[in-house]
Structure formats: C-alpha cells, structure tokens
Amino acid sequence: MSTIQFGRVTELVIGDLKMSSESLEIEFNIPFDDDPDPNMSEIVIYNLSDTTLSKLKKGVKVTINAGYRDDKGVILSGFMTKVSSEKGGADRATKISVIDSQPINDKKTVKKAFKKGIKGDQILKELAKALGLKIAVIKLPKNVVYKKGFSVNGSIVDAMKKIAKDCEASFYISRSNVYIRSIKEGDNTKFILKSDTGLIGSPEYFEEERDGKVVKGYKVKSLLQYRMNTASIIELQSLFVKGKFRVRKGKHYRRGDAYYSEVEVIA
C-alpha cells in the first residue's frame, strides 16, 4: 500500500460550520449511481455541542472531503434533508440525511409543444431549466432531430428520461449536477487502482441486462478513494483483470475501522 494512504481524514462542511475527524468521530455511507434519481447519504457525528446542533438545518449545503493526509477530495456535495440526535450510553449520535442534489420535484408537470425540427439537446436544456437543474455535461451520442416536433404533457423528469434514451444517453445526477452523456463516457481520473494503491482482493465479474442490452463488468473493493465516483474512468490492475473501466455505481463508507469504497465498473 502506498504511504500516501496513511492518516485517514474526513472533513465535513455544513453551511459555515467546519468539522474534522481529527477532533470528532464521523461516520458516513455515501451511495452514487448513474440514474436520475437523487441519492440519499447518511452521516453520523458523535458528541456535538448544543451550539453546533442548533445550526444544523434542513436545506443547508453539505460537503464531505475525504481521503488521506496528503491526498483527499470531495465525495459528497448536497443538501441536508433531515437531522436527529439521540443519546446512547455515554455518546450522543447526530444523524444527518443528505440528498446529492437540490430536491427534484419529480411530480412537476408541463404542457408544451416544441417546434418542428428541434433537437434533443435543446429540449433537454429547456426542461432542465424548468426544473431548476444545472447541467454539468450534455454530450449526446445521437442528437435526435424531432422532425414533427415534440410534445410534453406530464412529468418533466419522465420526458427528460425519454429524450435521453432516444439520444442513447445516460441521464444521472452526481454531486448536485446533472450529466447527460453516453454510458461509456466519463471523466479520466488518470488513477490506477492496484494492490499498492488500495485494491482489496480480486475484482468480481458480473453481467446483467439493462435496457435490452447485456452489461458486463466487475465489482471492486478498495480503501476509500475519492477519485472513484459516477462516470470516473480508472485503470484497473489486478492479477487477472487489467484495463480501463468506467465506474457506474458504488458507495463510500466509514464506520469504526472500515474506510472503504465499493464500486461496479464496466468496460
């Protein structure tokens, strides 16, 4: 294992509050994936002061930086949806739920007819604006031209899902941003995951059917690695598996001595 992975660090920023695992016990479970439904993460902090507790409010921005003393990065960016505190023995545990996006009103509807010849990306941008979503990346494998126009009469989210599918794109939310691009597109981290950079055990092969297509990949476990997130491109080097892969889903978690990332990657 690389010496850079010594000295585990978790930094939690909630509004104008800053907390660290150097002075507080902080646990978390942070899932992520490549679908448009926002993910809910849970953070547990022990023995917060009453003053700090009083500042934890629904809707406040939450960010977690995690990693190691000389190498850390963002693993969560979202908004607090719920907070509760209860005493258990000598410790008081405060549980915080965080959604990784501005809450999406998936029931919001619209009735609108788009002009003939409009392209998929134009409709997606307009619908995202109507929902108050920020699009970080829109790169459609096939920018469909709707020669007869396109009509929406109902759920905006459902309409966006349909257009993304027509354009052969994946539509998902990550760290408060919307991404609409090929399932094979991603962000090149230039990170090599192997035994001395945190890989634990051997990657486990899987295959499944998704939208009528067979998806093949590997389930991978490592020491916590912030570079692995939805659509991260990593290089995997193990005894039997070598090559570049795209992360499609996973989770980061810390509890007790556990400090891991578990992901599914596809070629």
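- To the nearest 0.5 Å, atoms CD (Glu208) and CD1 (Ile266) are separated by 9.5 Å.
- For Lys72 and Tyr68, the positive end is not near the middle of the six-membered ring at less than 6.0 Å and at most 45° from its axis.
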Audit row: Val62, Leu12, side chain to side chain contact (heavy atoms under 4.5 Å, CB included) steps and yes/no: CA-CA 7 Å; Val62 178; Leu12 176 59; 3.9 Å; yes

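- For the atom pair CD (Gln122) and NZ (Lys115), the distance works out to 6.0 Å, reported to the nearest 0.5 Å.
- A cation-pi arrangement is absent between Lys216 and Phe206 under the rule of less than 6.0 angstrom and at most 45 degrees off the ring axis.
- Asp33 is not listed as a side-chain neighbour of Arg248, based on a closest heavy-atom distance of 4.5 Å or more.
- In this structure, Met40 CE and Ile99 CD1 are separated by 4.5 Å, a value rounded to the nearest 0.5 Å.
- Taking a 6.0 Å sphere around NZ of Lys221, one finds it holds more than 12 heavy atoms contributed by other residues, nucleotides or ligands.
- Contact between Val9 and Arg254 at its shortest, heavy atoms only, is C-NH1, 4.3 Å.
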Working for side chain to side chain contact (heavy atoms under 4.5 Å, CB included), residues Glu42 and Phe28: CA-CA 6 Å; Glu42 184 177 90; Phe28 53 77; over 6 Å; no

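- Ring-centre distance between Tyr218 and Phe245: below the 6.0 Å cut-off.
- Of all the heavy atoms in Ser222 and Ile200, the pair that sits closest is C-CD1, 3.8 Å.
- Between Ile64 and Ile43 the shortest side-chain heavy-atom distance falls below 4.5 Å.
- Put simply, Ile118 and Ile156 are part of the same group of oily side chains (I, L, V, M, F, W, Y) that touch within less than 4.5 Å, one to the next.
- At a threshold of 4.5 Å between non-hydrogen side-chain atoms, the residues Val157 and Leu131 count as touching.
- Under the 3.5 Å distance criterion, the side-chain polar atoms of Asp35 are left unmatched by any main-chain donor or acceptor of Tyr172.
- Without hydrogens or angle criteria, Arg8 side chain to Ala66 main chain gives no donor-acceptor distance under 3.5 Å.
- In this structure, Tyr259 contributes its side chain and Gly67 its backbone to a donor-acceptor pair below 3.5 Å.
- The closest side-chain heavy-atom distance from Glu264 to Val247 is not below 4.5 Å.
- Closest heavy-atom contact between Asn39 and Pro31: CB-O, 3.6 Å.
- For the pair Leu24 and Asn47, the tightest heavy-atom approach, listed with the atom from each and the gap, is CD2-O, 4.2 Å.
- Note that CD of Gln237 and CG of Asp196 are 9.0 Å apart. Values are rounded to the nearest 0.5 Å.
- A donor-acceptor pair is defined here as one N or O able to donate and one able to accept, closer than 3.5 Å; such a pair exists between the side chain of Ser232 and the backbone of Arg227.
- Using a 4.5 Å cut-off between side-chain heavy atoms of Ile, Leu, Val, Met, Phe, Trp and Tyr, with links allowed through other members, Val60 and Leu53 fall into the same hydrophobic cluster.
- Residues Ile234 and Val265 meet the side-chain proximity criterion, which asks for heavy atoms closer than 4.5 Å.
- By the criterion of side-chain heavy atoms lying less than 4.5 angstrom apart, applied directly or through intervening Ile, Leu, Val, Met, Phe, Trp or Tyr residues, Val215 is not grouped with Val263; the two fall into different hydrophobic clusters.
- The same ILVMFWY cluster, assembled from side-chain heavy atoms under 4.5 Å apart, contains both Met80 and Leu48.
- Panel note: side chain Ser20, backbone Ser23; no donor-acceptor pair is recorded below 3.5 Å.
- Between Phe32 and His252, the ring-plane angle classifies as tilted under the 30° and 60° cut-offs.
- Side chain to side chain, Tyr226 and Asp71 meet the donor-acceptor criterion of an N or O pair below 3.5 Å.
- Scanning all heavy atoms of the two residues, the minimum distance from Leu124 to Ala164 falls at CD2-N, 4.4 Å.
- A distance-only check finds no donor-acceptor pair linking the side chain of Glu126 to the backbone of Ile123 [under 3.5 Å].
- For the pair Glu185 and Lys139, the minimum side-chain heavy-atom distance is below 4.5 Å.
- Side-chain heavy atoms closer than 4.5 Å link hydrophobic residues (I, L, V, M, F, W, Y) into clusters, and following such links, even through other members, never connects Ile233 to Val241.
- Taking the charged nitrogens against the carboxylate oxygens, Asp34 and Arg181 have no contact shorter than 4.0 Å, which rules out a salt bridge.
- In this structure, the side chain of Thr197 engages the main chain of Ile192 through a donor-acceptor pair within 3.5 Å.
- Between the Ser170 side chain and the Ile183 main chain, no donor and acceptor come within less than 3.5 Å of each other.
- Separation of atoms CG (Asp100) and OG (Ser41) is listed at 6.5 Å; rounding is to 0.5 Å.
- Heavy-atom contacts from other residues, nucleotides or ligands closer than 6.0 Å to NZ of Lys242 number more than 12.
- By the 4.0 Å N-to-carboxylate-O rule, Asp166 lies close enough to Lys162 to be salt-bridged with it.
- Looking only at distances, a side-chain donor or acceptor of Ser261 sits under 3.5 Å from a matching main-chain atom of Gln225.
- Here the straight-line distance linking atom CG of Leu56 with atom CD1 of Ile45 works out to 6.5 Å at 0.5 Å rounding.
- Contact check for Phe171 versus Val178: side-chain heavy atoms found under the 4.5 Å cut-off.
- Shortest non-hydrogen contact noted between Leu140 and Cys167 is CD1-SG, 3.8 Å.
- Counting only heavy atoms from C-beta outward, the side chains of Tyr260 and Leu223 approach each other to under 4.5 Å.
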Derivation of the side chain to side chain contact (heavy atoms under 4.5 Å, CB included) call for Lys134 and Ile173: CA-CA 10 Å; Lys134 178 183 176 183; Ile173 294 168; over 6 Å; no

Working for side chain to side chain contact (heavy atoms under 4.5 Å, CB included), residues Tyr146 and Lys116: CA-CA 6 Å; Tyr146 294 91; Lys116 294 179 180 180; over 6 Å; no

